[in-house]
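In what follows, a single structure is set out as structure tokens and then discussed.
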Amino acid sequence: MKKLTVSLALFIVVLMSLPMFAHADEKQYLVDNAQLLTAEEAMQLEAVLESVSTSTGMDVVAVTTNTLDGKSPEAYADDYYDYNGYANDGCLFLISMEDRDWHISTKGYAITAITDYGVRLVENEVVPYLSQGSYYLALDKYASLVSELTAEAKKGTPYDTNHLYTDTYGITFEGEKKGETAKSIAISAIIAIVIALIVVFSVKKSYKPVQFKANAADYLVQGSLNVTQAHEQFLYSNVSKTARSDSSSGGGSSTHTSSSGSTHGGGGGKF
């Protein structure tokens, strides 16, 4: 009876430990090492990323960290994806708090789905949330965009320079960062106004009134005007022609090789 009780107890312990081991072997789509999210936010994002991974057929991952361990953001993102058991098709969005870097690494089909134009789109839509410290909204938007970009790519028309993305408000993304065009125009206008004011004040300062003369001939210096021919003849004509480039072709994706020898696309910057 005693042996039966001990055996039963051991059996119960083994049964209780099975979920623990199963969970340890599960793939993590959200790795919040920098602890930027609350427990509830992390749980919700894990579910969102897993759902997008299932619907796209790729591993869609997000990682936060406080240090890059001496690596570049690109190398860190590539290596984390390559060495942690993720699929051959997928992408990883990295947030590093060390120097406020972000980077998206793409692999396999994700390179096709998320072109260089797509990377700029992700930057345009996600990075403003990062700058505000809204990390949950940033990663939720990242997951949403990956879903949209992949769905369009599977139609055979990935979003690119020849097929621009239009959001739900009807705003088309041309490829610039948010506010970049307006900011450039504003800066150019300010510079132009400053230069104009400097020129006006310089001319005004050096301005000297010209004395009025009664006849036009009084303004002519004797012997300074000597007309020798009433018309001109053009003997030669030289016309140069430049071929016009076709801007309708797509931009595609820039790629590089990671330390594991895998091909990756993507890009990043600061926030």
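Atom set for the values below is all heavy atoms of this structure, side chains included, hydrogens, waters and symmetry mates excluded. Given the structure is predicted, the values throughout are model-derived calculations rather than measurements.
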If hydrophobic clusters are built from ILVMFWY residues whose side chains come within less than 4.5 Å, do L164 and L149 share one?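 In one cluster with L164: L149, yes.
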Give the cluster check for I111 versus I104: same hydrophobic cluster or not, with ILVMFWY residues linked at side-chain heavy-atom distances below 4.5 Å. no
State, to 0.1 Å, how close [X] and [Y] come at their nearest heavy-atom pair, and which atoms those are.
| X | Y | result |
| --- | --- | --- |
| D79 | K71 | OD2-NZ, 3.0 Å |
| H163 | P158 | CD2-O, 3.6 Å |
| L36 | E41 | O-OE1, 4.5 Å |
| D116 | S254 | OD2-OG, 2.7 Å |
| D82 | S260 | OD2-OG, 2.8 Å |
| L68 | E98 | N-OE1, 2.8 Å |

Please assess M97 against T67 for the test side-chain contact (heavy atoms from CB on, under 4.5 Å), listing each intermediate value before the final yes or no. CA-CA 7 Å; M97 301 306 293; T67 176; over 6 Å; no
Side chains of [X] and [Y] in contact at under 4.5 Å (non-hydrogen atoms):
| X | Y | result |
| --- | --- | --- |
| N33 | N66 | no |
| L30 | L37 | yes |
| Y80 | V31 | yes |
| Q44 | D140 | no |
| W102 | S96 | no |
| L145 | L121 | yes |
| Y76 | H103 | no |
| H264 | T106 | no |

Pairing donors with acceptors under 3.5 angstrom, does anything connect the side chains of [X] and [Y]?
| X | Y | result |
| --- | --- | --- |
| E74 | S105 | no |
| S253 | T115 | no |
| T64 | D32 | yes |
| Y81 | S258 | no |

Do side-chain atoms of [X] reach the backbone of [Y] as a donor and acceptor pair under 3.5 angstrom?
| X | Y | value |
| --- | --- | --- |
| T150 | A113 | no |
| R100 | F271 | yes |
| S53 | L49 | yes |
| D160 | N162 | no |
| K154 | T56 | yes |

Under a 4.0 Å N-O cut-off, is there an ion pair linking K155 with E152?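 Answer for the salt bridge query: yes.
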Does K107 pair with D89 as a salt bridge, N-O distance under 4.0 Å?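 A salt bridge is absent here (no side-chain N lies under 4.0 Å from a carboxylate O).
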Nearest 0.5 angstrom please: D167 CG to T172 OG1, how far? 7.5 Å
Specify whether Y142 and F93 have parallel, tilted or perpendicular ring planes, treating 30° as the upper limit for parallel and 60° as the lower limit for perpendicular. tilted
Any chance you could lay out the side chain to side chain donor-acceptor pair (under 3.5 Å) test for T38 and Y136, step after step, and finish with the verdict? CA-CA 9 Å; T38 66; Y136 174 85; over 6 Å; no
Assess whether side-chain contact (heavy atoms from CB on, under 4.5 Å) is satisfied between I114 and V119, documenting all intermediate values. CA-CA 6 Å; I114 308 173; V119 172; 4.0 Å; yes
Test ring-ring contact (aromatic ring centres under 6.0 Å, His included), reference Y117, set Y165, Y159, F173, output is F173
Is the number of heavy atoms from other residues, nucleotides or ligands within 6.0 Å of CD (Q35) greater than 12? no
For atom CG of N88, decide whether the heavy atoms of other residues, nucleotides or ligands shown that lie under 6.0 angstrom number more than 12. no
